[in-house]
Amino acid sequence: MAHRATQGHTPEATEGGVTDDAACEPAAPVDAPAGRETVSDWNIANALTMGRIALVPFFGWFLVARAGHDDTFRIIAFVLFAVAAITDRIDGDIARKRGLVTDFGKLMDPIADKALTGMAFVGLSLIDVVPWWATVLILAREIAVTALRFVVIRRSHGVMPASRGGKIKTALQALAAGLFVLPLPWVGHALAWAILAGAIVVTVVTGVDYFVQATRLNRRHGGRGTEGSA
């Protein structure tokens, strides 16, 4: 979901978008222009990202309250989910337009996206709307890719940007989750299932591609910068 289309990324490789799959070229450090200070991590774009993370537990509580049978609580959960999704787009626009690009934002934006969609699918499985196998598959992929991102950072290859496939994956997951959260009739959930099926396919394909590209990146660098890494 967006420091997407943002911080230091091309239109195809954004932060988050939601988010995570690599174009797999390390972001080359850019020296700050003479007379200008380095952008601080303490900025409005990053504050919105952290605010999105702060909304996650509240969203989760309303989703699973009363075993998911209270339509009012489900609608409140959807509103919180939608607000978080909107801030994902806003923080990206602010970061791009105001030049508030930071490595912290590049890293935390996709994590915020994963926290939100992860909570959505876990909650939906707890209230028996989405089967656990789908949730486990999605979470396993997200955890594995996030872990690999940190490995790449430790090996000094830079913060890896998101790919177009990652953006599509995040959008499909969020759309499916949002439809499932709403107390819709069976027709609405049938549409949600169709979207989720597409999301699962893209989730698996982009996850495999991420690992392939990360392996190529590591080979290209010949293991350089790996000494001392755990």
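The basis for the numbers below is simple: all heavy atoms, side chains too, and nothing from hydrogens, waters or symmetry mates.
With rounding to the nearest 0.5 angstrom, the CE atom of Met50 is 12.0 Å from the CG atom of Leu55. Here the CZ-CD1 distance, from Arg66 to Ile127, works out to 14.0 Å after rounding to the nearest 0.5 Å. A distance of 5.5 Å separates CD1 of Ile94 from CD1 of Ile44, quoted to the nearest 0.5 Å.
If you chain together hydrophobic residues whose side chains sit under 4.5 Å apart, Val83 and Val181 fall into the same group. One hydrophobic cluster, built from ILVMFWY side chains closer than 4.5 Å, holds both Leu172 and Leu184. Cluster annotation: Ile143 and Val136 are assigned to distinct hydrophobic clusters (Ile/Leu/Val/Met/Phe/Trp/Tyr, side-chain heavy-atom contacts under 4.5 Å, transitive).
The minimum heavy-atom distance between Asp91 and Ala45, with the atom names listed, is CB-O, 3.4 Å. A pairwise comparison of heavy atoms in Ala192 and Leu179 identifies CB-CB, 3.7 Å as the closest pair. Ser125 and Val130 get closest at one heavy-atom pair: OG-O, 3.0 Å. Taking every heavy atom of both residues into account, Ile53 and Pro57 meet most closely at O-CD, 3.5 Å. Counting all heavy atoms, side chain and backbone alike, Gly123 lies closest to Val64 at CA-CG1, 3.8 Å. Between Leu48 and Thr87, the shortest heavy-atom contact is O-OG1, 4.4 Å.
The stretch residues 105-142 participates, sequence neighbours left out, in no ring-ring contact (aromatic ring centres under 6.0 Å, His included) pair at all. Judged as a ring-ring contact (aromatic ring centres under 6.0 Å, His included), the pairs with a partner in residues 171-196 (not counting sequence neighbours) are, in order, Phe180-His189, Phe180-Trp193.
For the residue pair Thr102/Asn43, the side-chain donor-acceptor check at 3.5 Å is not satisfied.
Inter-residue side-chain proximity for Met119 and Leu63 is flagged as unmet; no heavy-atom pair is nearer than 4.5 Å. In this structure the side chain of Lys169 reaches within 4.5 angstrom of the side chain of Glu142, judged on heavy atoms. A 4.5 Å side-chain heavy-atom check between Arg52 and Asp109 finds at least one atom pair inside the cut-off. Annotation: side chain of Gln173 is not in contact with side chain of Lys114 (no heavy-atom distance under 4.5 Å).
With sequence neighbours excluded, the residues satisfying side-chain contact (heavy atoms from CB on, under 4.5 Å) with Leu139 are Val122, Thr135. With sequence neighbours left out, Asp71 forms a side chain to side chain donor-acceptor pair (under 3.5 Å) with no residue at all. Annotation: side-chain contact (heavy atoms from CB on, under 4.5 Å) contacts of Ala120 (sequence neighbours excluded): Phe59, Phe81, Ala177. Every side-chain contact (heavy atoms from CB on, under 4.5 Å) that Phe211 has, sequence neighbours left out, goes to Ala144, Val145, Leu148. Looking at residues two or more places apart in sequence or on another chain, you find a side-chain contact (heavy atoms from CB on, under 4.5 Å) between Ala65 and Trp61, Phe73.
With a 4.5 Å cut-off between side-chain heavy atoms of Ile, Leu, Val, Met, Phe, Trp and Tyr, the cluster of Val205 takes in Val201.
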